[in-house]
2 protein chains.
Amino acid sequence: MRTLTRKGAATRQRILEGAAALIREHGVAATTLDDVLSETATSKSQLFHYFPGGREELLLAVARFEAGRVLEDQRPQLDDLSSWPAWDAWRDKVVDRYRRQGRLCPLNSVTSHLGDRTPGAQAVVTELMRRWQAEIATGVRRMQDAGQIGQGLDPDRTAAAILAGIQGGVLIQMSTGRTTHLEASLDQSLAYLKDSARQVCDRR
Amino acid sequence: MRTLTRKGAATRQRILEGAAALIREHGVAATTLDDVLSETATSKSQLFHYFPGGREELLLAVARFEAGRVLEDQRPQLDDLSSWPAWDAWRDKVVDRYRRQGRLCPLNSVTSHLGDRTPGAQAVVTELMRRWQAEIATGVRRMQDAGQIGQGLDPDRTAAAILAGIQGGVLIQMSTGRTTHLEASLDQSLAYLKDSARQVCDRR
DNA sequence: CGGAAAATGGACTCGCAAGTCCAAAAGCGA
DNA sequence: TCGCTTTTGGACTTGCGAGTCCATTTTCCG
């Protein structure tokens, strides 16, 4: 596959998105290549033409595809964590995003199926986490600059804790179907940050 | 399988633990029934004798087995969250437990493979979370009674947030291999709880 | 318009792993 | 010890799904 004509690119994309849709709905284990073919009205030769590595390469592409959406779905709120109302709006956006997504987390599903044999999958997740955490940390720093968050907090470590809470909330949602834990975690984190500012004032 | 002789029970247990060991090491996808057989020195007829439902039933049994270990591994610290040193000791125990476990989380692996077709797997996880959260909540209440945690906090919701942080920390560890996020989350939660007590004092 | 490269259809192979089966050995209770 | 039940060995079947292959059509570009 040296070059890709417009038609070819469209087909490749159709396969990719079709596979992602099936996985989001039924999970990885229940999604065969033949399912993808009939879903996207393509033939086997096409799939292996655009994804020479077969199933594994396709799953990895789906992982990248899904990973790319995660942060995008949080914009523009994630970009501007510079006031408490902005943080609250972001919190609502995150909760809403995962409530819509439902019980299945495609990214977790894909990576846990690719397992450790395909280091690429872990790399995709790790990179996503790194970027996500960095964006949150930027928000923390802005609030510190504005005197809204205590100076004593390490922005990066704080962001790590918030991120862990989100991930765990989503994970628990996968078995319970509820966003209760996600909300509780975000609310606790935000409360902690808000308190940290107040304590600084109290001490003066 | 009406009754189970002593020998039969031992064999069944050997199969179960062997399967759990393989899954902990290689993950579910890379573990076949034949692998389990050679690992445990048993034959196919034995496996299907003790797990008539085949692979699915065995995986569910492994899930239950692993779920049972989770809380046990946190005792006795989890049982006595009645002082800050006790909470800190529990925190260390949890971090240590998951650091030892390494990158693979057998429970997540199994449930994500059984997927939504086997509701039993989700039930196992849900029940584990419920119990885990309840035990943490008990600890919160004790600390409230002792005036060490602010009365304004909802024990159950607080426990939910702590639990989410733990789960997320472990999940992130699965791709990064590090317990950084787990530690950051637990530390942030504990700091929040400790602050909640101090604020109550300040207000008086 | 013409030829090379890309895209497509779909039948075919092939290996793996789940699950079946039956006969033989071992255990158990009376 | 006897007879019944449980346990065990391991060969066999079977189905599914990944991956291969080649002929044909379509697209691209000079």
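On a predicted model such as this, the values are computed, not experimentally measured, just so you know. A note on names: the letters A, B, ... follow the listed sequences, proteins ahead of strands, and every chain is numbered from 1.
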With a 4.0 Å limit, can you tell me whether [X] has a side-chain N or O closer than that to the phosphate oxygens OP1/OP2 of [N]?
X        : N      : value
Thr3(B)  : dT6(D) : yes
Thr11(A) : dT8(C) : yes
Thr5(A)  : dA7(C) : yes
Tyr50(A) : dA6(C) : no
Gln46(B) : dT8(D) : yes

Once you round it to whole Å, what is the distance between [atom2] of [N] and [atom1] of [X]?
X        : N       : atom1 : atom2 : result
Ile15(A) : dT8(C)  : CD1   : C1'   : 11 Å
Leu59(A) : dG17(D) : CG    : P     : 14 Å
Leu22(B) : dA17(C) : CG    : P     : 13 Å
Leu4(B)  : dT8(D)  : CG    : C1'   : 14 Å
Arg55(B) : dA17(C) : CZ    : P     : 10 Å
Arg6(B)  : dT8(D)  : CZ    : P     : 14 Å
Phe51(B) : dA18(C) : CZ    : P     : 14 Å
Leu37(B) : dT20(C) : CG    : C1'   : 14 Å

Nearest to the side chain of [X], heavy atoms from C-beta on, is which of [options]?
X        : options                  : answer
Phe48(A) : dG9(D), dT20(C), dG19(D) : dG19(D)
Thr32(B) : dA17(C), dA7(C), dT8(C)  : dA17(C)
His49(A) : dG19(C), dG10(D), dA6(C) : dA6(C)

Worksheet item: Going by the angle between their ring planes, with limits at 30° and 60°, are Trp84(A) and Trp87(A) parallel, tilted or perpendicular?
Response: tilted

Worksheet entry | Sidechain N-carboxylate O distance under 4.0 Å for Glu72(B), Arg75(B) | yes

Discussion item. Once hydrogens and angles are ignored, does a donor-acceptor distance under 3.5 Å link the base of dG9(D) to the side chain of Lys44(B)?
Written reply: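 Per atom types, no contact qualifies.
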
Worksheet item: Under the side chain to side chain donor-acceptor pair (under 3.5 Å) criterion, do Gln167(A) and His181(B) qualify, and how do the steps go?
Response: CA-CA 11 Å; Gln167(A) 298 308 309; His181(B) 289 75; over 6 Å; no

Practice prompt. For the pair Ser109(B) (side chain) and Cys105(B) (backbone), establish whether a donor and an acceptor sit closer than 3.5 Å, ignoring hydrogens and angles.
Written response: no

Discussion item. Please compare Asp34(B) and Lys7(B) by the position of their nearest nucleotide in DNA chain C and report the one closer to 5'.
Written reply: Asp34(B)

Worksheet item: For Arg99(B) and Thr179(B), does a side-chain donor sit closer than 3.5 Å to a side-chain acceptor?
Response: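 Yes, side-chain donor-acceptor contact under 3.5 Å.
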
